[in-house]
Amino acid sequence: MRAERYWLLKSEPSEFSIDDLGHRPDRTEPWDGVRNYQARSFLRDGMKVGDRALFYHSGKAPAVVGVVVVVREGYPDPSAWDPMNRHFDPRSTPDAPVWYMVDVRLEDVFPAPLPLAELRGIPGLENMMLLRKGSRLSVQPVSEKEFQVIVSRAGMARP
DNA sequence: GCCAACGTTGGC
DNA sequence: GCCAACGTTGGC
């Protein structure tokens, strides 16, 4: 079994916030609606059960707000074939799915959000994808070091 | 509200 | 295959 990997998942909190995740049964929810091929590949092929991901709120108060753990690996995203869903994409069908999702469970909510502006000043994050100009990818890999630096800065270093 | 960066679309 | 136009993301 390969070592755990680390990721970052972006969400606009008015759409789906870390608080919303905390109120789901078993604090678990499919991470659906991703419609970018690079992000799709990370969801489908990269993320494995046990991997952890930083939960990032985009928008008015951009910040890392907590940690989730992958509890189910990539499987087809059914919201793509629901015409009523705003992420509907007729190119994807149950027989030939285009879009994928994973299930994530909330592991930790940071005592306080760690704002994007603060991340920019933290040593060790100089090469983080999130901080690169023009980086819009909503599912990103994060190095183990970056993950640890962020979690410890958030006041949540774990054994 | 602005705008830079990026991804997608479609004409050629 | 190229590339201009367009729509979206997302920080500021």
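Computed from a prediction, not measured in an experiment: that's the story for all the values here. So that the names make sense, note that chain A is the first sequence line, chain B the second, and so on, each numbered from 1.
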Here the side-chain hydrogen bond (donor to acceptor under 3.5 Å, both in side chains) pairs for residues 117-129 of chain A, sequence neighbours left out, are none

**Q.** CA sep, side-chain torsions, deciding dist, call: A/Phe55, A/Trp7, ring pair (Phe, Tyr, Trp, His ring centres under 6.0 Å)
**A.** CA-CA 9 Å; A/Phe55 195 126; A/Trp7 308 91; over 10 Å; no

Here the distance between atom P of C/dT9 and atom OH of A/Tyr56, to the nearest Å, is 15 Å

Q) Are A/Arg91 and A/Trp99 side-chain neighbours, meaning at least one heavy-atom pair lies under 4.5 Å? A) yes

Read 5' to 3' with Watson-Crick or G-U pairs under 3.5 Å, [ ] for crossing pairs and | for partners on another strand, DNA chain B gives ||||||||||||

* Is the distance from OP1 or OP2 of C/dG10 to the nearest side-chain N or O of A/Arg132 less than 4.0 Å? -> no

task: Taking the six-membered ring for Trp and the full ring for Phe, Tyr or His, determine whether the centres of A/Trp81 and A/Phe88 are under 6.0 Å apart.
output: no

Rounded to whole Å, CG of A/Leu130 lies from C1' of C/dC12 at a distance of 15 Å

From the candidates C/dG10, B/dA4, C/dC12, the one with an atom nearest any side-chain atom of A/Lys133 is B/dA4

Point to revise | Phosphate OP1/OP2 of C/dT9 contacted by A/Lys10 side-chain N/O (<4.0 Å) | key: no

Rounded to whole Å, CZ of A/Arg120 lies from P of C/dG11 at a distance of 8 Å

- prompt: Hey, are the side chains of A/Leu43 and A/Arg40 touching, using non-hydrogen atoms and a 4.5 Å cut-off?
  reply: no

When rounded to whole Å, the CD to P distance for the pair A/Gln38 and B/dA5 reads 18 Å

request  = Give one of base, sugar-phosphate or nothing for A/Arg35, where a contact means two heavy atoms less than 4.0 Å apart.
outcome  = nothing

Within residues 87-95 of chain A, the residues having a heavy atom closer than 4.0 Å to DNA chain C are none

A/Leu131 atom CG is separated from C/dG10 atom P, nearest whole Å, by 14 Å

Q. Do A/Asp77 and A/Arg35 sit within salt-bridge range, that is, some charged N less than 4.0 Å from a carboxylate O?
A. yes

Here the distance between atom P of C/dG10 and atom CG of A/Leu8, to the nearest Å, is 11 Å

Student check: side-chain heavy atoms of A/Val68 and A/Arg52 closer than 4.5 Å: no

Margin query: Any heavy-atom pair between the side chains of A/Tyr56 and A/Leu116 that's under 4.5 Å?
Written below: yes

So the side-chain hydrogen bond (donor to acceptor under 3.5 Å, both in side chains) pairs with at least one residue in residues 61-76 of chain A (sequence neighbours excluded) are A/Tyr75-A/Asp103

Donor-acceptor pair between A/Asp20 and A/Ser17 side chains, under 3.5 angstrom: yes

Below 3.5 Å between N/O atoms, which protein atoms pair up with nucleotides 6-8 of chain C? Just atom names and distances, please.
| from | atom 1 | to | atom 2 | distance (Å) |
| --- | --- | --- | --- | --- |
| C/dT8 | O2 | A/Arg136 | NH1 | 2.7 |

In short, side-chain hydrogen bond (donor to acceptor under 3.5 Å, both in side chains) pairs touching residues 21-31 of chain A with sequence neighbours left out are A/Arg24-A/Glu29, A/Asp26-A/Arg105, A/Thr28-A/Arg105

request  = Give one of base, sugar-phosphate or nothing for A/Leu116, where a contact means two heavy atoms less than 4.0 Å apart.
outcome  = sugar-phosphate

